[in-house]
Amino acid sequence: MRKRKIIIDTDPGQDDAVAILLALANPDALDVLGITCVAGNVPLDLTTRNARIICDIAGRKDMAVYAGCARPIKRALVTAEHVHGKTGLDGPELFDPETPLSDVHAVDFIIETLRREPAGSVTLCTLGPLSNIATAFERAPDIIPRVKELIMMGGAYFEVGNITPAAEFNIYVDPEAAEIVFSAGVPLVVMPLDVTHKVLTTPHRINAIRDLNTKAAAFTADMLAFFERFDVEKYGSDGGPLHDPCVIAYLLHPQLFSGRHVNVEIETQSDLTLGMTVADWWRVTDRAPNALFIGDVDADGFFNLLTEGLARL
């Protein structure tokens with residue numbers, strides 16, 4: 001597999017952290033050009049700190065980390081400490097990171113990188129609200145056709161919502177940003193709740209990670225042990241869903257996933273269904289498809305990939 005150049009746009013979050021670790025564990029396949037942070041699961045000062053902590057854990061203190069948008073394009077910020085804890089990475093013992101924070105704004109980095117790298121060579125991996133990406137697209141529309149692909153965690157179809165009855169968190173936090181991205185014309189791959197709720201951190205899977213006996217594995221197992229408690233209590237599931245690592249797993253082994261190329265529109269007007277991803281799964285409209293909407297995953301294959309990756313850190 002040819003090495004892919006990627007930018008990870010993220011709001012860590014335990015599942016974001018696992019996604020970053022999986023990407024950094026596969027340097028032969030993925031060239032991480034930088035990690036751009038956005039406010040989402042927790043405010044921006046914590047998402048940037050958390051990204052830097054994860055780079056330390058992965059032994060990648062050289063990784064470039066950038067702070068981006070501190071709030072959505074038009075709305076007040078909604079956060080998710082009720083899921084991730086007050087730090088966003090509750091579970092393991094945290095520390096002051098040594099990985100530095102760049103003084104370049106994340107949006108500027110995204111624009112400059114897409115202009116500098118050959119057209120069609122950079123994939124955007126978005127794990128949080130789309131505020132940074134939408135702002136970059138609005139500010140520099142010339143970069144849009146230069147994007148190879150945008151692979152995101154966001155939205156839902158059958159599962160519908162996890163922050164409101166109709167909306168998934170990442171889309172709900174900044175629906176205007178999502179609308180800009182979904183209408184931009186870039187090739188989109190979407191990891192909705194329908195697929196991420198199929199990759200659950202069962203006790204057996206967490207124990208397999210902890211048994212690796214590495215610093216990164218122990219940190220991950222401690223994160224996941226905390227993270228799963230919310231979904232186990234809310235849904236009665238066997239563990240917590242690893243939403244964001246699905247984005248990286250798709251890059252590494254797309255054959256683990258299947259879905260449909262459909263039209264997806266974002267609701268921005270209704271108070272009742274704000275942030276809903278209206279996916280034409282059954283193609284009942286004549287709206288042109290604009291996204292590969294993933295619907296299924298080989299969960300055991302996913303966790304094998306993750307565990308093998310963590311073993312290399």
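The first residue in the sequence is number 1, and the count goes up from there.
By the rule that hydrophobic residues join a cluster once side-chain heavy atoms approach within less than 4.5 Å of another member, Met191 and Val262 end up as members of separate clusters. Val297 and Leu193 fall within a single hydrophobic cluster, where Ile, Leu, Val, Met, Phe, Trp and Tyr side chains are chained together by heavy-atom contacts under 4.5 Å. Leu33 is connected to Met152 through a chain of hydrophobic side-chain contacts under 4.5 Å among Ile, Leu, Val, Met, Phe, Trp and Tyr, so both are in one cluster. A chain of hydrophobic side-chain contacts below 4.5 Å, direct or via other Ile, Leu, Val, Met, Phe, Trp or Tyr residues, connects Ile248 to Ile54. Leu310 and Leu89 fall within the same hydrophobic cluster, defined by Ile, Leu, Val, Met, Phe, Trp and Tyr side-chain heavy atoms under 4.5 Å apart, directly or through other members.
Between Cys125 and Leu251 the shortest side-chain heavy-atom distance falls below 4.5 Å. In this structure, the side chains of Cys246 and Val199 come closer than 4.5 Å at one or more pairs of heavy atoms. Taking 4.5 Å as the limit, some side-chain heavy atom of Val181 sits within range of a side-chain heavy atom of Leu150. For the pair Val38/Thr10, no side-chain contact is recorded, criterion being any heavy-atom separation below 4.5 Å from C-beta on. Looking at Leu306 and Leu242, their side chains come closer than 4.5 Å, going by heavy atoms from C-beta outward. Between Val195 and Phe302 the shortest side-chain heavy-atom distance does not fall below 4.5 Å.
The closest donor-acceptor contact from the side chain of Asp11 to the backbone of Thr47 lies at 3.5 Å or more, if one exists at all. Judged by distance alone, with hydrogens and angles left aside, the side-chain atoms of Thr113 form no donor-acceptor pair with the main-chain N or O of Ile110 at under 3.5 Å. Remark: side-chain polar atoms of Asn132 are paired, donor with acceptor, to backbone N or O of Cys37 under 3.5 angstrom. Between the Gln14 side chain and the His84 main chain, a donor and an acceptor come within less than 3.5 Å of each other. Here the side chain of Asn170 pairs no donor or acceptor atom with the backbone of Gly154 at under 3.5 angstrom. With hydrogens and angles disregarded, no donor-acceptor distance shorter than 3.5 Å links the side chain of Thr277 to the backbone of Ala279.
Note that CG of Leu305 and CZ of Phe303 are 11.0 Å apart. Values are rounded to the nearest 0.5 Å. Distance check: Lys215 NZ to Phe219 CZ gives 9.0 Å after rounding to the nearest 0.5 Å. One finds the OG1 atom of Thr273 at 11.0 Å from the CD1 atom of Ile266 (value rounded to the nearest 0.5 Å). Atom CG of Leu130 sits about 7.5 Å away from atom CG of Asp174, to the nearest 0.5 Å. Atom CD1 in Ile171 sits 12.0 Å away from atom OG1 in Thr268 (nearest 0.5 Å). Put simply, OG1 on Thr48 and CG on Leu101 are 5.5 Å apart, with the number rounded to the nearest 0.5 Å.
For residues 75-91, every residue pair satisfying the salt bridge (Lys or Arg N to Asp or Glu O under 4.0 Å) rule, not counting sequence neighbours, is listed here: Arg75-Glu176. Among pairs with a residue in residues 179-196, those fulfilling side chain to side chain donor-acceptor pair (under 3.5 Å) read Thr196-His243, at least two apart in sequence or across chains. Listed by first then second residue, pairs satisfying side chain to side chain donor-acceptor pair (under 3.5 Å) with a partner in residues 303-313 read Asn26-Arg312, not counting sequence neighbours. Listed by first then second residue, pairs satisfying salt bridge (Lys or Arg N to Asp or Glu O under 4.0 Å) with a partner in residues 267-284 number zero, not counting sequence neighbours. Applying the side chain to side chain donor-acceptor pair (under 3.5 Å) rule to pairs touching residues 286-298 yields Lys198-Asp296, Asn263-Arg287, sequence neighbours excluded. The list of salt bridge (Lys or Arg N to Asp or Glu O under 4.0 Å) pairs with a residue in residues 46-74, not counting sequence neighbours, reads Arg49-Asp96, Arg60-Asp62, Lys61-Glu98. Evaluation of the side chain to side chain donor-acceptor pair (under 3.5 Å) test over residues 117-130, restricted to residues two or more places apart or in two chains, returns Arg4-Thr123, Lys5-Glu117.
Applying the ring-ring contact (aromatic ring centres under 6.0 Å, His included) test to Phe257 and every residue at least two apart in sequence or in another chain returns Tyr250. Considering only residues two or more places apart in sequence or on other chains, Ala291 meets the side-chain contact (heavy atoms from CB on, under 4.5 Å) condition with Phe182, Leu188, Val190, Val264.
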(message) With side chain to side chain contact (heavy atoms under 4.5 Å, CB included) as the criterion, how do Val32 and Ile8 come out once you've worked through the C-alpha distance, each side chain's angles and the decisive distance to 0.1 Å?
(response) CA-CA 7 Å; Val32 183; Ile8 299 176; 4.1 Å; yes
(message) Test side chain to side chain contact (heavy atoms under 4.5 Å, CB included) on Arg205 and Asp300; report intermediate values, then the result.
(response) CA-CA 9 Å; Arg205 288 165 174 165; Asp300 288 335; 2.8 Å; yes
(request) Take Leu44 and Cys69 through the test side chain to side chain contact (heavy atoms under 4.5 Å, CB included) and record every step on the way to the result. (result) CA-CA 7 Å; Leu44 184 65; Cys69 296; over 6 Å; no
(message) Could you go through Ile180 and Glu138, starting from their C-alpha distance and side-chain angles, then the distance that decides it, and tell me whether this counts as side chain to side chain contact (heavy atoms under 4.5 Å, CB included)?
(response) CA-CA 8 Å; Ile180 290 168; Glu138 290 281 276; 3.7 Å; yes
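The nearest pair of heavy atoms linking Thr164 to Ala167 is OG1-N, 3.0 Å. The two residues Thr79 and Asn41 make their nearest non-hydrogen contact at CB-O, 3.5 Å. In this structure, Ala136 and Ile111 approach most closely via the heavy-atom pair CB-CG1, 3.9 Å. The nearest pair of heavy atoms linking Gly239 to Leu200 is O-CD2, 3.5 Å. Considering every non-hydrogen atom in both Ala225 and Ile206, the closest pair reads N-CD1, 4.2 Å. The minimum heavy-atom distance between Gly295 and Trp281, with the atom names listed, is CA-CH2, 4.2 Å.
Classification of the Trp282-Phe158 ring pair by plane angle, with boundaries at 30° and 60°, yields perpendicular.
The aromatic ring centroids of Tyr66 and His105 lie 6.0 Å or more from each other.
When hydrophobic side chains of Ile, Leu, Val, Met, Phe, Trp and Tyr are connected at separations under 4.5 Å, Val278 ends up clustered with Met276. Other cluster members for Leu46: Val42, joined by side-chain heavy-atom distances under 4.5 Å among Ile, Leu, Val, Met, Phe, Trp and Tyr.
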Which side-chain N or O atoms in residues 17-25 pair as donor and acceptor under 3.5 Å with protein atoms at least two apart or in another chain?
none

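Results of the side chain to side chain contact (heavy atoms under 4.5 Å, CB included) test with Ile151 over Ile294, Leu292, Val247 single out Val247 as the only residue that passes.
Using modelled atom types and a 3.5 Å distance limit, the side chains of Asp9 and Thr36 yield a donor-acceptor pair.
With a 6.0 Å radius and a threshold of 12 heavy atoms from other residues, nucleotides or ligands, Gln269 has its CD atom at or below the threshold.
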